[in-house]
Each structure stands twice: as structure tokens, then as C-alpha cells.
Enquirer: 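I have a structure here, written as C-alpha cells, and I will follow up with some questions on it.
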Amino acid sequence: MSNVQITALVIILLYMAATVALGLFISARKKKKQAMQSNDDFLMAGKSLGPVVLAATLFAANTGGASTTGIATNVYTYGLSACWYVIAAGIGFVLVSFIAPYFRRSSSSTVPEIISKRYGKASHIFTAFTSIAALFMATGAQIIATASIINVVTGIAFSTAAIITTAVVIAYTMVGGFTSVTAANMMHVIFITVGMAIAMLIMVFNPQVGGFGALFAKADAMGAELDLLSMTKIGLPTIIGYIAMYFMTFPTGQEIVQTYCSAKDGKSAKTGSVIAGLLSAAYAIVPAIIGLIAYVCIDGYADGGAQKNALADATIRFAPAVVAGLVLAAIVAATMSSASGNMIGTATMFTNDVFRPYINKGVKDDKKEVWISRVTMVVVGLVGLSVALTASNIISVMMGAFALRSAGPFAAFICGLFYKNVTKRAGFISIVLGTVVAAVWIYALDTPWGLSAMVPGGIVAFIAIFLFSVIDRKMGVEPAPELVFDND
């Protein structure tokens with residue numbers, strides 16, 4: 001390995017060690033404060049998050065492999081317009097801020113739990129298992145991103161790097177639960193935003209790159225076919241689809257909903273969501289510029305098509321050793337924080353929506369549930385590892401996960417909040433139909449026009465829930481019981 005690679009590896013390993021150490025410290029301090037940690041404290045941070053910590057947790061949970069290495073890779077295909085994947089997330093956070101207080105006031109911990117309160121057992125079970133399956137896929141995507149960085153830096157086989165990544169994420173998530181994850185996320189956000197932005201500027205002004213003017217001139221000279229500077233090449237249907245995807249997946253994504261539910265009050269949930277949105281939109285261009293550097297300034301790089309390690313390759317080539325280590329540590333931070341959020345979310349859903357109601361017969365047992373939660377985290381990590389070893393395109397994996405968990409439940413969730421005449425049967429049919437249509441759109445039709453499966457799935461789900469509610473009401477069926485919200 002070169003000196004740059006060795007230095008980068010040392011910094012990445014130190015960062016991983018610091019993350020695990022922080023988890024151990026938070027866990028030890030928590031145990032000193034109370035004799036026994038409740039499952040709500042372990043998985044929900046005691047519902048104490050203020051707007052800044054909440055914003056950091058939302059941003060870190062959403063900014064994973066697809067938002068870093070995925071964007072840099074896709075610059076080859078879509079030019080700088082690849083960054084719309086994260087800009088759309090920022091717009092999504094701002095839009096969801098208007099309903100964020102409802103999560104905090106719902107006295108719930110999971111998306112399936114909220115669904116069950118209006119639509120009953122069948123909807124509860126279906127939503128729980130599709131949401132859990134989606135988080136398995138999402139965890140796999142984050143492992144792919146982290147392992148690819150370690151592979152580029154060290155030359156270690158991707159499979160070995162994936163195993164190391166999985167072990168570290170499981171360790172620091174298990175020891176401290178959501179409290180340690182939120183603490184680590186504050187550190188992650190600094191590395192992701194400040195670290196990557198500074199590194200990007202250093203790389204742009206590297207003599208081999210020559211500054212923004214030279215970079216853009218070189219990109220323009222590569223021809224209209226690649227059109228690397230385009231902010232619209234990705235296409236309006238895809239941009240609209242991304243925005244719809246995030247607006248639909250944030251209210252139905254457990255790792256996001258759990259963060260809102262952990263806010264200290266509704267105002268903190270709303271403010272934190274807006275801050276996370278603005279931060280996401282501002283950050284989006286950073287990985288895109290680094291990807292542009294790879295395709296423009298590495299001789300022959302673009303000739304081989306899209307390179308999944310474009311971000312890592314550009315960083316190793318054009319950044320000083322310490323800076324390269326910091327930016328790669330930032331990517332590791334992004335992917336680890338997303339993976340840990342997925343693990344926490346899955347553990348919460350399994351304990352709250354499967355173990356407690358159907359295995360433990362409705363009995364709440366904090367000691368047993370904390371143990372079950374930790375075991376679930378290990379299972380999520382291992383299944384995510386298997387996904388990582390069999391898939392390659394991060395954004396494709398994430399799009400499939402988003403569609404699986406959100407295309408169906410979104411309509412039921414919104415109508416559950418605001419439509420008094422919705423019925424239980426209509427809710428269940430809507431959830432199933434929306435999910436099936438999204439799956440067909442992706443896996444049978446291969447995503448026509450580049451439009452996210454969330455759009456057709458969501459449209460069908462909304463049509464179904466209104467249509468079958470009207471039919472049920474005409475048949476004399478009573479509306480589903482309305483949700484009851486707590487005061488802040």
C-alpha cells in the first residue's frame with residue numbers, strides 16, 4: 001500500500017474504534033444513572049431529543065452509502081444532476097416537518113404500531129414484515145458502501161471488508177442502543193458535512209485538477225453525450241419521483257419515524273426536520289463534485305463506464321494523506337450511522353410489533369425485550385451482510401427497500417391521520433395493492449421512464465383506500481377508530 005493508503009486506513013480504523021468506544025461510554029454512563037434500562041430508553045433515547053440532536057440524527061440516518069458513494073458513481077450516468085437524489089431528501093424533510101409533530105404525539109414507537117391503531121391486526125402484521133424486510137435491504141446497502149471504501153484503501157477482499165464493517169456496526173449499536181447512536185451521530189454529521197466539504201475544496205484546487213474553472217472546462221470538453229455538468233440530465237420524472245419517494249418513505253421509514261418519536265416534544269420534531277432538510281440540500285453537491293473529479297481527472301477512468309468506487313478513487317488520488325483519511329472516514333461515518341439506524345429500527349419493530357403482541361402475549365417485559373432487541377440487531381447485521389455479498393448497486397437496493405416499505409403504507413398512514421371515514425378493510429387492501437404495484441413496477445417492468453415505484457404504488461394505494469372506504473360505508477361498515485394524540 002502507498003503512504004496515502006496506509007494513513008487513510010489508520011484514520012478509518014481509529015474512527016471506527018472511537019465510535020465503538022463512544023457507544024461503550026454512553027452505555028456505561030446510562031447504567032450508572034439507573035438500575036435497569038427500560039426498552040424505551042434503549043430504543044427511543046427516553047424521548048428526549050432536542051431539535052439539533054434530532055436534526056443530526058435524521059441527517060445521519062438518511063445520509064448513507066447511496067448519498068455518498070452512490071451519487072459519485074452516478075455522475076457518469078446523470079452528470080451533476082445525480083445530486084438530486086439528496087436534494088430531494090432535503091425537500092422531503094421540509095415537507096414531512098408539517099406532520100412530524102403527529103409522530104411524537106401518537107404514543108407509538110413504530111410505523112406498524114401507528115397503522116395497527118386504525119386498521120387492525122392484518123395491516124399491523126403485513127406492514128411490520130415488509131418494513132423489516134426493507135431494513136434488511138437498506139442495511140446491506142450501507143455495508144456495500146463501507147466495504148467498498150475499505151477495499152479501495154487496503155486491497156482487502158470486499159467480502160472480508162464487509163464482515164469487518166458488519167461486526168463494528170453491530171458492536172457499537174448493541175452496547176448503547178439509540179442513546180449511543182444519537183451521540184455518535186453528532187460526531188458523524190461533523191465528519192460528513194464539514195470534513196467532506198473541506199476535502200472536496202482541497203481536491204478541486206489540487207494542481208492536477210486546477211480549480212472549479214478548469215474542472216468544469218475539462219468536463220465540458222468530454223462532450224455532450226456524457227453531459228457531466230448537467231443539473232437536469234436525470235430528467236423531471238426522476239426528480240419528481242425522488243421527491244415523492246422521500247415524502248412517502250420518511251413518514252413510513254422506521255429509522256426516521258423512530259427519531260421523530262424520540263423528540264422531546266412536537267415542536268422539536270418539526271424544527272429538527274426543517275434543519276435536517278436544509279442541511280441535506282446544501283450537502284448534496286459535495287459527493288457529486290468529487291465524483292466529477294474522478295471521471296474528468298483520472299486518465300481513462302470514464303472509458304470504463306460508471307465506477308462504483310469513484311469517490312474513494314478520487315479521494316486517494318487527489319487529496320493529501322490525512323485529508324483522504326478524513327473524507328473516507330466521513331463516508332464510513334455516513335454508512336455506519338445509517339446501518340445502525342436500520343438495526344435500531346428493526347429491533348424496535350420486532351420487539352414492539354412481533355415479539356410483545358404475538359410471542360409474549362401482550363406482556364411488556366423490559367429486561368427480556370432489551371435482550372431480544374440486541375439479538376435482533378445481530379440478525380439484521382448478518383442478513384444485511386448477505387445482501388451486501390450478493391448485490392452491487394447501492395441506489396438500486398435502496399430504491400427497492402423504499403418501495404417495499406412505503407408505497408403501500410403511506411396512503412393508509414395519511415388517511416389514518418386525516419380521513420375520518422376510512423375503514424379497516426380499505427386500509428389493508430390499500431397497503432397490499434400499493435406494495436404489489438411497486439414491486440411489479442421495479443422487478444417486472446424495470447422502472448419505466450425512471451419514475452420511482454413509489455409514485456404508481458402510492459397512486460394505486462390512495463385510489464384503493466378511498467374507493468373501498470366508500471364501498472364499505474355504503475354497506476354500513478363503521479369507520480376505523482380514530483387515532484388519539486397526546487398533548488405535548
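Not measured: the values here are computed from a predicted model.
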Enquirer: Evaluate the side chain to side chain contact (heavy atoms under 4.5 Å, CB included) criterion for residues F129 and V354: first the C-alpha distance (whole Å), next the side-chain angles of each, then the deciding distance (0.1 Å), finally the verdict.
Expert: CA-CA 9 Å; F129 280 103; V354 179; 4.3 Å; yes
Enquirer: Which of these, F402, Y260, F93, sits in a ring pair (Phe, Tyr, Trp, His ring centres under 6.0 Å) with F250?
Expert: F93
Enquirer: Is it the case that the side chain of S81 and the backbone of I234 share a donor-acceptor pair, with hydrogens and angles ignored and the cut-off at 3.5 Å?
Expert: yes
Enquirer: Using side chain to side chain donor-acceptor pair (under 3.5 Å) as the criterion, list what pairs up with S268, not counting sequence neighbours.
Expert: D265
Enquirer: Can S97 and S273 be counted as having a side-chain donor-acceptor contact under 3.5 angstrom?
Expert: no
Enquirer: In the structure I gave you, are the side-chain heavy atoms of V380 and L135 within less than 4.5 Å of one another anywhere?
Expert: no
Enquirer: Say you draw a straight line from OH of Y78 to CD1 of I239; how long is it, rounded to the nearest 0.5 Å?
Expert: 11.5 Å
Enquirer: Can you list every side-chain hydrogen bond (donor to acceptor under 3.5 Å, both in side chains) pair that touches residues 422-432, not counting sequence neighbours?
Expert: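 Sorted pair list: T423-D472, R425-D472.
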Enquirer: Establish, yes or no, whether a centroid distance under 6.0 Å links the rings of Y102 and F418.
Expert: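 Ring-ring flag for Y102/F418: true, centres closer than 6.0 Å.
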Enquirer: Could you check whether any side-chain heavy atom of Y283 comes within less than 4.5 Å of a side-chain heavy atom of F59, counting everything from C-beta outward?
Expert: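 Side-chain contact under 4.5 Å: yes.
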Enquirer: Does the side chain of I99 come within less than 4.5 Å of F413's, by heavy atoms?
Expert: yes
Enquirer: Can you confirm whether L80 sits close enough to I289 that some side-chain heavy atom of one is under 4.5 Å from a side-chain heavy atom of the other?
Expert: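 Contact flag for L80/I289 side chains = yes.
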Enquirer: Any side-chain heavy atom of C83 sitting closer than 4.5 Å to one from M231?
Expert: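 Yes, at least one pair of side-chain atoms sits under 4.5 Å.
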Enquirer: Between M377 and T346, is any pair of side-chain heavy atoms under 4.5 Å apart?
Expert: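 Of all side-chain heavy-atom pairs linking T346 with M377, none is under 4.5 Å.
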Enquirer: Test of understanding: with side chain to side chain donor-acceptor pair (under 3.5 Å), list the residues that count as partners of R118, not counting sequence neighbours.
Expert: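 Checked R118 against side chain to side chain donor-acceptor pair (under 3.5 Å); zero matches.
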Enquirer: Establish, yes or no, whether a centroid distance under 6.0 Å links the rings of F355 and F350.
Expert: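 So the answer is no for these two rings.
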Enquirer: Do Y242 and Y85 make a side-chain contact, defined as non-hydrogen atoms from C-beta onward lying under 4.5 Å apart?
Expert: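 A side-chain contact under 4.5 Å exists here.
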Enquirer: Restricting to non-hydrogen atoms, name the atom on I170 and the atom on G381 that form the minimum distance, rounded to 0.1 Å.
Expert: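 Scanning both residues, the minimum pair turns out to be CD1-CA, 4.0 Å.
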Enquirer: Starting at OG1 of T165, measure out to CD1 of I144 and round the result to the nearest 0.5 Å.
Expert: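 Spacing of OG1 (T165) from CD1 (I144) equals 11.0 Å.
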Enquirer: Take atom CZ in F462; do more than 12 heavy atoms of anything else shown fall under 6.0 Å from it?
Expert: yes
Enquirer: Which residue pairs pass the side-chain hydrogen bond (donor to acceptor under 3.5 Å, both in side chains) test when at least one of the two sits in residues 441-461, sequence neighbours left out?
Expert: none
Enquirer: Side chain of T249, backbone of Y246: donor and acceptor closer than 3.5 Å?
Expert: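 Not confirmed, T249 side chain does not pair with Y246 backbone.
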Enquirer: For the pair L404 and T435, evaluate side chain to side chain contact (heavy atoms under 4.5 Å, CB included) and give the outcome as yes or no after the intermediate values.
Expert: CA-CA 6 Å; L404 179 63; T435 303; 4.2 Å; yes
Enquirer: Can you tell me how far apart NZ (K233) and CG (D227) are? Round to the nearest 0.5 Å.
Expert: 5.5 Å
Enquirer: Show the nearest heavy-atom pair for residues A461 and G408, with the distance to one decimal.
Expert: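 Closest pair (atom of A461, atom of G408, distance): CB-O, 4.0 Å.
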Enquirer: Say you draw a straight line from CD1 of I256 to OG1 of T57; how long is it, rounded to the nearest 0.5 Å?
Expert: 9.5 Å
Enquirer: Looking only at heavy atoms, what is the nearest atom pair of V455 and G241, with distance?
Expert: CG2-CA, 4.1 Å
Enquirer: Roughly how far apart are L311 CG and I149 CD1, rounded to 0.5 Å?
Expert: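 That separation rounds to 6.0 Å.
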Enquirer: Work out which heavy atom in P357 is nearest to a heavy atom in T351; give both atom names and the distance.
Expert: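 That closest heavy-atom pairing would be CD-O, 4.2 Å.
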Enquirer: With sequence neighbours excluded, tell me which residues meet side chain to side chain donor-acceptor pair (under 3.5 Å) with Y358.
Expert: H124
Enquirer: Quick one: does S406's side chain get under 4.5 Å of M454's, heavy atoms only?
Expert: yes
Enquirer: To check you understand the geometry: which heavy-atom pair defines the closest contact between G384 and I143, and what is its length?
Expert: C-CD1, 3.6 Å
Enquirer: Return each pair, listed once, that meets side-chain hydrogen bond (donor to acceptor under 3.5 Å, both in side chains) where at least one residue sits in residues 125-141; pairs must be two or more places apart or across chains.
Expert: none
Enquirer: Is there a side chain to side chain contact (heavy atoms under 4.5 Å, CB included) between F466 and C415 once you walk through the steps?
Expert: CA-CA 9 Å; F466 284 114; C415 289; 4.0 Å; yes
Enquirer: Side chain to side chain contact (heavy atoms under 4.5 Å, CB included) between I115 and S123: does it pass, once the steps are laid out?
Expert: CA-CA 7 Å; I115 292 290; S123 296; 3.8 Å; yes
Enquirer: Which heavy-atom pair separates S148 from N309 by the least distance, and what is that distance?
Expert: CB-OD1, 3.2 Å
Enquirer: Within this structure, what is the CE-CG distance for the pair M137 and N342, rounded to the nearest 0.5 Å?
Expert: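 Going from CE on M137 over to CG on N342, the span is 11.5 Å.
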